[in-house]
Amino acid sequence: MVERRVISVIVLNEHGVLTRITGLFAARGYNIETLTVAPIPGSDYSRLTIVTSGSAKVIEQIIKQLHKLIPVYKVIEHSELVEKEMVMAKIPLEERLADVEALCRAYNGNIVNIGQDSAIIMAADEPKRISNFISALKRFNPKEIVRSGVVAIER
Amino acid sequence: MSKNSMTGARMVVEAMKKEGVEVVFGYPGGAIMNVYDEIYKNPYFKHILTRHEQAAVHAADGYARATGKVGVAFVTSGPGFTNAVTGLATAYMDSIPLVVISGQVPISMIGTDAFQEIDAVGISRPCTKHNYLVKDVKELPKILAEAFYIARSGRPGPVHIDIPKDVTVQEAEFDYPKKVKLETYKPTIKGNARQIKKAVEAIAEAKKPVFYLGGGIIHSNSANLVRELVAKTQIPAVETLMARGTLRYDDPLLLGMVGMHGTYAANMAMSEADLLIALGPRFDDRVTGKLSEFAKYAEIIHIDIDPSSIGKLVKVHYPIVGDLKEVLKDLLPLAEKRIDPKRYEAWREILRRYQELHPLKYEDSDEVLKPEWVIQRLGEKLKGKARISTDVGQHQMWTAQYYPFTRPRELITSGGLGTMGFGFPAAIGVKQGVPDEISVNITGDGSILMNIQELMTAVQYKLPVINVILNNNFLGMVRQWQTFFYDKRYSETDLSMQPDFVKLAESFGGVGYRVKTKEEFDKALEDAIQKGVVALIDVVVDRYENVLPMVPAGGSLYNMLLEFKD
Ligand SMILES: Cc1ncc(C[n+]2csc(CCOP(=O)(O)OP(=O)(O)O)c2C)c(N)n1
């Protein structure tokens, strides 16, 4: 059975480390749905959050193979994760912005910028809810949608 | 600057001294010239100039396999490095500890498609245990020390360091770490005590257990402990290609090699066992055959230092992560107390019958030399006195089947990658590492030509490797598959076009022999040993001999072709 998994990887913040990880996924045919990465404040490490999918056996191999990479400090694979994702979109100014804003609010978001001909909005919520938000947004004719990918932290 | 300040190039040779490196195999060029200049000025170690970078890495690899030490090779940037890649990949697949250092264009020119620039770390990443591009000379001492540590610890493997030319001239303090400690890399050494106990319990309860011996035994230097365990439990054992020599060839409990060209008894033992005790193998497809049929009645104990190896291909019931040597030390006393060797007598009897039913066999001939005979003869003459390297093909499998191995590190062969051209340079490295023993390379008329230029290296450094060419005028192993599975359509495997190997050897300053009879073979071998020079013995053998038994690729281990009649 193929299941979705969120894996956090703590890696030494050094040259080429991201290629090692993505190269591993590519070479062994593992799937990456989203990947986010940023330095961990006040340390020499970065945290990667990878959303992947595969059978239990594949997930086990992914975790073991990640562990095997020399600059990998820790691989966290948790079912008890709080996951968040952010999305930004451009909405034409002709749309009913009051309705747009109400929708954003429902998903921990708001209007963040108003330009010449479009408004930029954002929302941050659980990945599933972000997908719902994007569906709901469709009727306001978004010109562009940018998703951040998932970040997660253990409960 | 303090007096311990030095250039990056100097650091490289100083690190070799610190690591006790006795020999470096290599080939110079623009980007690595500063390092070579330091070699000239500080002759701390012997440098062997091979005639191709691939051979330099294979020679370092052969040296490492024969001695257990880290092998070292130096190459230049661009083509020097790309030539070395097959060597890295070969070592990677077989977990051989190497440190390979390549030159690179100066940092300021990286990314500009400069002359002889190639993304070396990009290429070596998937075929090394780890690699480094040195960006700052201050980090070089630490990187060098880490490279040696990573290469030889845990599951060993090749480590590649790419050093830009400007880094080799910049200066910094040479602070060589006495001990390397990496927060992110800590191999598990001790096995879990509870798991070990459970495994012993499973062995004690089993009716048809088999030891499945793998290359990890050789890497962890635990063959003695394995011999003790096998003797005390009286449980039959099979060996993978990489584990040959763990048990003596004449050990009554050794059923032979397992897998595609394994013995009938070894493959049947795997197929009928109720417990596999896997000591450092990796369940390679050339061993398991069809996975769903592999050892399907067996529970599996798997001891390995690499957790990713456990459960990768088959379900493991008793996983034990740790250094095999440490795990066996913990396991042996428990096994001795708990296991009654008499328990398995009925099982041993079944396997003895299998051995008698289908032993390894070939039909000898008076008209033409049989390759199997040649290997057996070599065994009679050299048993226990020589290291045997091979290339890849039929001759490799016949060697694994018929040579009487007496100890670990006696067979030096490319198992995982199956690299033709490995044997001769590896045998040169072997001779350098164990000069008191005879170094023989058993090869084919195809493989030998893939690194034939190394005749010059062997002659120059007086490393008298004896190459025994089993000459069948074919790319024999491929020809065999064409015979069995492609209706004898011999597409591009006929090697009737041949050099004169005798003259070839002589032109490099070695000796050559062409032999067609048993007497000629004996004479040539004796002469080559006695002369102690680099030799090619071109042995004309039966062109159409096949390696048997054979499990067709993807087939089940118990479905072996035992005979092939035209
Ligand atoms: C570098 C490389 N190229 C191709 C192969 C595929 N291959 C495997 S065995 C073989 C034939 C080897 O012929 P030879 O060296 O004459 O040995 P024989 O099988 O005749 O004993 C070939 C081409 C390989 N293993 N390595």
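Below, read A as the first sequence line, B as the second, and so on, with proteins coming before strands; counting in each chain starts at 1.
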Neighbour count above 12 (heavy atom, 6.0 Å) for [X] [atom1]:
X       : atom1 : answer
A:Lys74 : NZ    : no
A:Lys90 : NZ    : no
A:Asp44 : CG    : no
A:Tyr73 : OH    : no
A:Arg96 : CZ    : no
A:Met88 : CE    : no

Can you give me the closest heavy-atom contact between [X] and [Y], atom names plus distance?
X        : Y        : value
B:Thr184 : A:Ile70  : OG1-O, 2.6 Å
B:Glu183 : A:Tyr45  : CB-OH, 3.6 Å
A:Lys57  : B:Gly311 : CE-O, 3.8 Å
B:Asp306 : A:Lys68  : OD2-NZ, 2.8 Å

Hey, does the side chain of A:Lys64 reach the backbone of B:Lys312 with a donor-acceptor pair shorter than 3.5 angstrom? no
Quick one: which residues of residues 119-143 of chain B reach chain A at under 4.5 angstrom, heavy atoms only?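 Contacts with chain A: B:Arg125, B:Lys129, B:His130, B:Asn131, B:Leu133, B:Lys135.
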